[in-house]
Amino acid sequence: MLRERPLQLPRPLISEWDWQRTARCRSVDVDVFYDGETLSEVAAKAICADCPVVEECRDYAVAANEPHGIWGGLSPSERVQYRWRQGVVLRVGLTRQRTL
């Protein structure tokens, strides 16, 4: 049986979370990102598409194995596909490492 490694969140330093300060979603009702309805998902992804920190957000959600909501323009199932397709191990702190 395969076991997932425990989640290692970033240290509680502003430098680890600073990217969130410029995210477009900060001024949007959070329900748009967690509603689960198709129209909300389309609206959330449109917000993400124009966000200056979409990559940081996506990388965080993939690395943290975030199970809910739209993060970085991706749904939970899309994040799983992204992780496998990219063959990238992301550590929270946003360092990309290719797997061999």
Side-chain angles (χ1 to χ4, degrees):
M1 173 188 260
L2 293 176
R3 291 188 177 178
E4 291 187 29
R5 288 184 286 174
L7 177 61
Q8 295 178 350
L9 292 174
R11 297 169 293 172
L13 301 174
I14 190 68
S15 61
E16 300 288 338
W17 300 94
D18 197 43
W19 60 268
Q20 292 182 358
R21 296 174 59 183
T22 57
R24 285 205 58 225
C25 60
R26 287 181 58 91
S27 62
V28 178
D29 182 357
V30 70
D31 288 341
V32 171
F33 297 91
Y34 291 95
D35 188 346
E37 297 294 323
T38 303
L39 287 177
S40 291
E41 184 172 321
V42 170
K45 288 181 177 184
I47 293 164
C48 294
D50 193 35
C51 182
V53 294
V54 68
E55 290 180 12
E56 291 90 339
C57 181
R58 178 203 58 222
D59 290 350
Y60 166 77
V62 169
N65 202 20
E66 178 61 50
H68 304 288
I70 303 298
W71 287 74
L74 300 177
S75 68
S77 62
E78 291 168 333
R79 289 191 293 275
V80 170
Q81 292 172 6
Y82 175 85
R83 185 181 300 113
W84 286 102
R85 190 172 52 245
Q86 296 298 315
V88 174
V89 176
L90 294 173
R91 307 228 186 283
V92 179
L94 309 178
T95 303
R96 293 177 185 231
Q97 298 177 342
R98 285 263 174 217
T99 57
L100 298 176

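Residue numbers start at 1 and run along the sequence shown.
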Checklist entry - Does any non-hydrogen side-chain atom of L74 lie less than 4.5 Å from one of Q81? => result no
Next on the checklist: Side chains of R24 and C48, heavy atoms from C-beta outward: is any pair under 4.5 Å?
Outcome noted: no
Next on the checklist: For Y60 and W71, take the angle between the two ring planes, folded into 0 to 90°, and tell me which bin it lands in: parallel under 30, tilted 30 to 60, perpendicular over 60.
Outcome noted: tilted
To the closest 0.5 Å, what do you measure between [atom1] ([X]) and [atom2] ([Y])?
X: R58; Y: C51; atom1: CZ; atom2: SG; value: 11.5 Å
X: E56; Y: Q20; atom1: CD; atom2: CD; value: 10.5 Å
X: H68; Y: R79; atom1: NE2; atom2: CZ; value: 9.5 Å

Checklist entry - What is the minimum heavy-atom distance between P76 and P67, and which atoms define it? => result CG-O, 3.4 Å
Checklist entry - Taking all atoms of both residues into account, what is the closest heavy-atom pair of S40 and D35, and its distance? => result OG-OD2, 2.9 Å
Next on the checklist: Please say yes or no: joined through hydrophobic side-chain contacts below 4.5 Å, possibly via intermediate residues, are V54 and Y34 part of one cluster?
Outcome noted: no
Next on the checklist: Quick check on the hydrophobic clustering: are V42 and F33 connected, directly or via other members, by side-chain heavy-atom contacts under 4.5 Å?
Outcome noted: no
Checklist outcome for this item: Contacts of E41 meeting side-chain contact (heavy atoms from CB on, under 4.5 Å) (sequence neighbours excluded), chain-then-number -> K45, I70, S75
Next on the checklist: Taking side chain to side chain donor-acceptor pair (under 3.5 Å) as the definition, give me every residue that meets it alongside T22, ordered by chain and number, with sequence neighbours left out.
Outcome noted: none
